[in-house]
Amino acid sequence: METVSITMVEDVAVLTIDNPPVNMGNATLRRDLYDALGAAGPDVVGVVIIGAGRHFYAGSDISEFDGPLIDPQLPAVIEVIESLPVPVVAAISGLALGGGLELALGCDGRIGATSARLGFPEVTLGILPGAGGTVRAARLLGVPTAIDLVASARQVDADEALELGLLDHVVPAEDLLARAVDLARSLAGKSRLRDRSVPHANPEQVEEAVARHARKARPNVLEAVGMVRRSAEVDAGLALSEERAIFERLRVSEEAANLRYLFFAKRAAAKALRGKVAPRPVRTVGIAGAGTMGAALARACSGAGYRVVLFDTNPAALARVAGAMPGLTTTETVGGLAGADLVVDAVFEDMDVKRDLFAEVERHVAPGAVLATNTSYLDINEMSRSLEYPRRFGGLHFFNPPDRNPLVELIRAETTDDVTAATLADVVKALGKTGIPAGVGDGFVANRVYADYRTQAEFLVEEGATPEQVDAAMVQLGLAIGPFAVADMSGLDIAWARRKRIAPTRDPLQRYVDIPDRLCEAGRLGRKTGAGWYGYPDGARRGLPDPDAVRIIEEARATKGIAARSIDDGEIRARILASMLCAAVQLMESGVAQRASDIDVALTEGFAFPRATGGPLRLLSRWEEDDVIAALTAAYRSCRVTFALAEPATRGELPQAVRAVLRQVAPHEMFERAASR
Ligand code: T1G
């Protein structure tokens, strides 16, 4: 048995799980556990299962879920534990997640080190606990608490686990094994959760728990909640088989496969960021700029345990941030950033402003300090040329709101050295963010794709769709809100300023929709001015169709001689997705994006593109080829310059570069690689 070793501590058998890097429950580990448990001889009075390394058992190996599951499956392993005549104790340090927690619930007792963290992440993967988690948790914790844990996917630390009853004891790590052996020896006999009745809970508590998790819940979450409730109504055996049947059905669903795709896609991006060299330690982060972005960055860095020094020349701005962040160090001079190991700028999006700032910062920080610009689209190669030590400079592009939005683009300038890139990657991970690599290019990755998404949306309105129709069509796809509601929320003036800035270099042959300019010229800058694409009467939070906006749109059409036509939702979605696909192909061909899956990660993490679809490229990879060709043809016809690469589609051909991108993210392609890992 290579992943499970057996040692005897007097008359107690200790099974140590050792399956690096996180003690994932794969076929080998299940087989080894099954055999080791079966090897417990008659002289054994108790069994302890403990994890080597950081974690007890971080859950099932989800790369196995795309094919037929290999026996023994986890329920069979748990059945062996329950059939042993002697007590079995789970000794948990680090993570016991998903199948790991289910294995522990199959034991007769559970003891944790202070590092223990337990949870059921299954619903985030489009499934539900499938090895008894809903059934045994209900019997141990009661239905309301079991619903909360299963539906929220949250992890509980050792103290809360003890309080809830998930752990019987919590001990210092160094005492874990000895105390677990004592517990195994002291237990009077078996204490199978499946034999217990579900603790009584008053109906109101149950309904409250359901209500907390049912609102806007994905279908699998509702099924998980329903299964917890069901498990209280029928005997454990029936409940276990019903739970397994639901798990099997959900596991092979498109949504679950898409969520597993994103799970591995995020880790592929993170691995690409880690590179081969060790990062420099960062303890103090200097943030230049105490505006909205700077304040949010300060919160994110402070929340991740960094010491933060916030610089701004405006004392009122500093005071505003410091008032909400006791203990924050502020400075009105750049010299105050001297002790920072990393300095990130959050100042106005202007090349000269940023260059002057970093030139000043360089004069004060230590030679080993790393500098990162948070620019959204300025050329960081150009920015690096004004630095004395450009090797230690790169880009960390955060997305609004940076203390909540998980996406960060890590951008290497031509001069960024490996240590700097590794250091920035380490900070991204420490912030709990989802990082993707991006090369230097207008809008990097996410904003570049979103720009074409928004451009096509504006084409559609110019041709006859209403803003609310386009928004509704994208909400129907699964987005929380559509592009025009987003534009009104973030303010139309930001894009307007940029359009004016690049106007001299715009290709005159490129289709240009001037409706947003007309709205801005009319003072309609979005929600903050009470009107944009929509009206916001009396400060309404949700925009309403607005006759003045309709008039402005109609005037713009009339000026171009466009006769509005009715456009159906299918055309709206097809053209928008095809436009995103064209942007993605350009990003891959230019090398600004390294993997097509990075683009799906960017759009799902940073722009709330529905995770259940796997992202725009994954979604399109499931379309029939003819439908992709038709969508690309429509995008090409909307602007032959912007979507030039789609031209072959007008002749019924799928462009090779498009085929290559879609193959990278197609279901069969992605998982063959993961399964062979
Ligand atoms: N399946 C497959 N691979 C996994 C994995 C998993 N569950 N967890 C981690 N990996 C790989 C990961 O791809 C990476 O590989 C390496 O391990 C290190 O991971 C039956 C059905 C545990 C918190 O959802 O949350 O049990 O890139 O970089 O940052 O009812 O991994 O090095 O080749 O993330 O220290 C439930 C998912 C499954 C846990 C560690 N369990 N994993 O984070 O390392 S469903 C989970 C995580 C289930 C039962 C149900 C994290 C971590 P590579 P890492 P980390």
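Quick note: residue numbers are just sequence positions, from 1. Only this structure's heavy atoms are used, side chains among them; waters, hydrogens and symmetry mates stay out. Both ligands and their constituent atoms are indexed starting at 1 by order of listing.
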task: State whether Phe263 and Arg267 meet the cation-pi test: NZ (Lys) or CZ (Arg) under 6.0 Å from the six-membered ring centroid, and within 45° of the perpendicular axis.
output: yes
- line: For Pro121, the atoms of ligand 1 under 4.0 Å from one of its heavy atoms are 24 (O), 36 (C), 41 (N), 46 (C)
query: Under a 4.0 Å N-O cut-off, is there an ion pair linking Arg611 with Glu605?
result: yes
Name of the residue among Leu342, Asp426, Val419 meeting side-chain contact (heavy atoms from CB on, under 4.5 Å) with Arg280: Val419
- request: Any pair with a residue in residues 82-102 that passes side-chain hydrogen bond (donor to acceptor under 3.5 Å, both in side chains), sequence neighbours left out, goes on the list, sorted by first then second residue, please.
  value: Glu82-Arg136
message: If we set the cut-off at 4.0 Å for heavy atoms, which region of His55 has an atom near ligand 1: side chain, backbone, both, or neither?
response: neither
query: Considering only heavy atoms of Gly99, which atoms of ligand 1 have at least one such atom less than 4.0 Å away?
result: 26 (O), 48 (C), 49 (C)
- prompt: Any Lys/Arg nitrogen of Arg412 or Asp418 sitting under 4.0 Å from an Asp/Glu carboxylate oxygen of the other?
  reply: yes
statement: In ligand 1, the atoms that come under 4.0 Å of a heavy atom of Ala58 are 22 (C), 39 (C), 41 (N), 46 (C)
message: If I apply the N/O under 3.5 Å rule, does Arg274 come out as touching ligand 1?
response: no
message: Need the ligand 1 atom indices (1-based, order shown) with element for anything under 4.0 Å from a heavy-atom of Glu102.
response: 20 (C), 30 (O), 49 (C)
query: Any idea which part of Leu125 is under 4.0 Å from ligand 1, heavy-atom wise: side chain, backbone, both or neither?
result: side chain
field: Backbone of Thr284 reached by a side-chain donor or acceptor of Asp341 within 3.5 Å
entry: yes
message: Tell me whether Phe247 reaches ligand 1 (any heavy atom closer than 4.0 angstrom to a ligand atom).
response: yes
- prompt: How does Ser60 reach ligand 1, if at all, at less than 4.0 Å between non-hydrogen atoms: by side chain, backbone, both, or neither?
  reply: both
- prompt: Hey, is Pro21 one of the residues with a heavy atom under 4.0 angstrom from ligand 1?
  reply: yes
- prompt: Under a heavy-atom criterion of less than 4.0 Å, does Lys429 contact ligand 1?
  reply: yes
- request: Check whether any N or O atom of Val22, backbone or side chain, sits under 3.5 Å from an N or O atom of ligand 1, and answer yes or no.
  value: no
- prompt: Using 4.0 Å as the upper bound for N to carboxylate O, is an ion pair formed by Arg229 and Glu207?
  reply: yes
query: Which ligand 1 atoms are under 4.0 Å away from a heavy-atom of Asp61?
result: 1 (N), 2 (C)
message: Show every salt bridge (charged side-chain N to carboxylate O under 4.0 Å, His left out) that has at least one partner inside residues 103-121, sequence neighbours left out.
response: Asp108-Lys190
query: Is Gly130 in polar range of ligand 1, meaning some N or O pair under 3.5 Å apart?
result: yes
message: What I want to find out is whether Arg139 reaches Asp195 closely enough, with some N-O distance under 4.0 Å, to be called a salt bridge.
response: no
task: State, with a plain yes or no, whether a side-chain heavy atom of Val89 is found less than 4.5 Å away from one of Cys107.
output: no
query: Is there a donor-acceptor pair under 3.5 Å between the side chain of Lys433 and the backbone N or O of Pro402?
result: yes
- prompt: Which word best sums up how the rings of His397 and Phe444 line up, parallel for under 30°, tilted for 30 to 60°, or perpendicular for over 60°?
  reply: tilted
query: So between Ile127, Ile62, Asn23, whose heavy atom ends up nearest atom 1 (N) of ligand 1?
result: Ile62
message: Show the atoms of ligand 1 that are less than 4.0 angstrom away from any heavy atom in Leu95.
response: 22 (C), 23 (C)
query: With a cut-off of 4.0 Å, which atoms of ligand 1 are near a heavy atom of Gly59?
result: 26 (O), 36 (C), 41 (N)
- request: Select one of side chain, backbone, both or neither to describe which atoms of Arg251 lie under 4.0 Å from any atom of ligand 1, heavy atoms only.
  value: neither
- prompt: Against heavy atoms of Phe65, which atoms of ligand 1 measure under 4.0 Å?
  reply: 21 (C)
